[in-house]
Amino acid sequence: MAVEYQFTNRFNWSIIFDQTFDAVSVNPVLERYKPIPKIQLGYTIDAPIIAVFCANNEAKPNWRYGGRYFAKMLTSLNAGGTQPDTVLKVGKIYLNQIKIIQLPPFTSSYAFDVDVPYWHRNFQLKIWEYTGNNQNTIHRKLDDLLGYPQP
């Protein structure tokens, strides 16, 4: 049985983040800027499948790299007197491309951070959660094996 996600249906996606960031000018004459700080969404992601898009309207034509993402969860484990987040997945995102990220189903709420490279002076980030139905669940497979097919 094939996985039956319906990624091509736009109604199965819900946008949860859409923001543009600009680097702060330190010295306009020398064209010096403070880098865009790490973008931290906190624990706002509730779905294990998300789509991430980034863009820079000032990017040179040969720029491809958009940044690095960190998907995290909270485990409440103490390390050095603190409770650090547990990083579940790390990866790259590229400019003007949508990346679908499947997070491990270890928790019901995920945090998401994006490190923006220092050379980006403008950065747009959009994130969608997949809200559609997954027809390929373990319960459906068990029902099929037991002879209780679902529509």
Side-chain angles (χ1 to χ4, degrees), residues 1-140:
M1 177 186 285
V3 175
E4 297 179 19
Y5 292 112
Q6 297 177 350
F7 291 155
T8 56
N9 184 347
R10 67 184 171 125
F11 297 110
N12 287 339
W13 295 97
S14 175
I15 192 150
I16 58 168
F17 190 84
D18 184 1
Q19 195 168 348
T20 301
F21 301 88
D22 291 310
V24 177
S25 176
V26 175
N27 188 338
V29 176
L30 297 175
E31 293 188 22
R32 301 287 185 213
Y33 294 84
K34 287 185 179 179
I36 297 171
K38 180 186 284 190
I39 301 167
Q40 298 178 316
L41 271 68
Y43 286 89
T44 57
I45 297 174
D46 299 324
I49 298 175
I50 60 173
V52 179
F53 172 83
C54 68
N56 178 345
N57 61 9
E58 300 174 2
K60 296 179 182 176
N62 62 336
W63 289 5
R64 301 285 182 262
Y65 183 63
R68 189 171 195 171
Y69 71 85
F70 301 86
K72 304 184 291 185
M73 68 178 272
L74 187 61
T75 59
S76 300
L77 296 174
N78 284 322
T82 63
Q83 293 180 353
D85 292 331
T86 301
V87 177
L88 296 173
K89 200 164 204 176
V90 176
K92 296 177 183 178
I93 50 176
Y94 295 95
L95 293 175
N96 303 315
Q97 295 180 12
I98 294 176
K99 179 171 181 112
I100 294 177
I101 302 168
Q102 185 167 9
L103 304 171
F106 297 153
T107 184
S108 61
S109 183
Y110 302 91
F112 197 78
D113 297 347
V114 175
D115 272 338
V116 180
Y118 68 89
W119 58 84
H120 287 294
R121 295 181 185 165
N122 174 274
F123 193 78
Q124 178 187 22
L125 180 65
K126 291 184 178 193
I127 300 175
W128 296 266
E129 284 183 333
Y130 181 72
T131 58
N133 192 12
N134 172 10
Q135 301 298 322
N136 194 23
T137 64
I138 189 74
H139 300 292
R140 182 175 176 108

Test side chain to side chain contact (heavy atoms under 4.5 Å, CB included) applied to Gln97 - qualifying residues, sequence neighbours left out
Tyr94
Between Asn56 and Asn122, the two heavy atoms sitting closest are CG-O, 2.9 Å
Pairs of donor and acceptor atoms involving the side chains of residues 33-42, under 3.5 Å and at least two apart or interchain, shall be tabulated with distances.
none

Going by the rule side chain to side chain contact (heavy atoms under 4.5 Å, CB included), which residues pair with Ala47 if we only count those two or more places apart in sequence or in a different chain?
Glu129
Applying side-chain hydrogen bond (donor to acceptor under 3.5 Å, both in side chains), which residue pairs with at least one partner in residues 105-119 are found, sequence neighbours left out?
Lys72-Asp113
Which residues satisfy the side-chain hydrogen bond (donor to acceptor under 3.5 Å, both in side chains) test with Thr75, sequence neighbours excluded?
Thr86
So CD1 of Ile127 and SG of Cys54: to nearest 0.5 Å the spacing works out to 10.0 Å
For Tyr43, what residues pass the ring pair (Phe, Tyr, Trp, His ring centres under 6.0 Å) criterion, not counting sequence neighbours?
none
Are Gln124 and Phe53 close enough that some pair of their side-chain heavy atoms sits under 4.5 Å apart?
yes
Just jot down the side-chain hydrogen bond (donor to acceptor under 3.5 Å, both in side chains) partners of Asn96, sequence neighbours excluded, or say none.
none
If you take all heavy atoms of Pro117 and Gly67, which pair is closest and at what distance?
CD-CA, 3.8 Å
Who are the side chain to side chain contact (heavy atoms under 4.5 Å, CB included) partners of Arg10, not counting sequence neighbours?
none
With the side chain counted from C-beta on, respond yes when Phe106 and Leu88 share a heavy-atom pair under 4.5 Å apart, and no when they do not.
yes
Which pairs count as salt bridge (Lys or Arg N to Asp or Glu O under 4.0 Å) when at least one residue sits in residues 52-67, sequence neighbours excluded?
none
Could you check if a side-chain atom of Val52 sits within less than 4.5 angstrom of a side-chain atom of Phe112, using non-hydrogen atoms only?
yes
Would the number of heavy atoms belonging to other residues, nucleotides or ligands and lying under 6.0 Å from CZ of Arg121 be above 12?
yes
For the residue pair Ile93 and Tyr69, what are the closest heavy atoms and their distance?
CG2-CD2, 3.9 Å
Residues Tyr65 and Leu95: closest non-hydrogen pair is O-CG, 3.9 Å
For Asp46, side-chain hydrogen bond (donor to acceptor under 3.5 Å, both in side chains) partners two or more places apart
none
Under the salt bridge (Lys or Arg N to Asp or Glu O under 4.0 Å) rule, what pairs show up with a residue in residues 88-99, not counting sequence neighbours?
none
Residues Phe17, Thr44; criterion side chain to side chain contact (heavy atoms under 4.5 Å, CB included); working and verdict:
CA-CA 9 Å; Phe17 190 84; Thr44 57; over 6 Å; no
Evaluate the side-chain proximity of His120 to Phe21: yes if any heavy-atom separation is below 4.5 Å, no if none is.
no
Residue set satisfying ring pair (Phe, Tyr, Trp, His ring centres under 6.0 Å) with Trp128, at least two apart, ordered chain then number -> none
Do the side chains of Asn12 and Tyr130 get nearer than 4.5 Å, heavy atoms only?
yes
